[in-house]
Amino acid sequence: MRTRMMSTLFLASVTGLLTSGLHADVLEVAADGSQEYLTIESALSVAMTGDTVLVHPGTYVESGLATGGRSIAIQSVAGADQTTID
């Protein structure tokens, strides 16, 4: 009985640790100023692992975009024909 209770408590603790650390925000970028971020780099600078940087149509003149080793998705709202990184 004691072993079963300890196993249950351990599983509950591990599950709590895993779920409490989950974080996933969507940071939206628009060159026209209609979203919170004007540049992809500014969104990447605050993004955390698991976040998505969602880029609205426009041309973005950016260089050296880096995630700093974090797993961050960068996606276009309207596809490559309407969103350009120059």
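Residue indices begin at 1 and follow the sequence shown.
Residues Val29 and Leu65 are members of one and the same hydrophobic cluster, defined by side-chain heavy-atom contacts under 4.5 angstrom among Ile, Leu, Val, Met, Phe, Trp and Tyr.
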If you look only at distance, which donor and acceptor atoms sit under 3.5 Å apart when one is on a side chain in residues 33-41 and the other is two or more places apart or in another chain?
{"unit_1": "Ser34", "atom_1": "OG", "unit_2": "Asp32", "atom_2": "OD1", "d": "2.7"}
{"unit_1": "Thr39", "atom_1": "OG1", "unit_2": "Ser42", "atom_2": "N", "d": "3.0"}
{"unit_1": "Thr39", "atom_1": "OG1", "unit_2": "Ser42", "atom_2": "OG", "d": "2.9"}

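Nearest heavy atoms, Leu44 versus Ala66: CD1-O, 3.8 Å. Smallest separation of non-hydrogen atoms from Pro57 and Ala78: CG-CB, 3.7 Å. Across Ala47 and Leu27, no two heavy atoms sit closer than the pair CB-CD1, 3.8 Å.
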*In sequence, state the C-alpha distance, the side-chain angles, and the governing distance for Ile74 and Val55, and then conclude on side chain to side chain contact (heavy atoms under 4.5 Å, CB included).*
CA-CA 7 Å; Ile74 303 172; Val55 184; 4.1 Å; yes
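In this structure the side chain of Ile72 never reaches within 4.5 angstrom of the side chain of Thr52, judged on heavy atoms.
Side chain of Asp51 to main chain of Asp25: a donor-acceptor pair is present (N/O by atom type, distance under 3.5 Å, no hydrogens or angles).
Screening residues 58-78 for side-chain hydrogen bond (donor to acceptor under 3.5 Å, both in side chains), with sequence neighbours left out, gives Ser76-Thr83.
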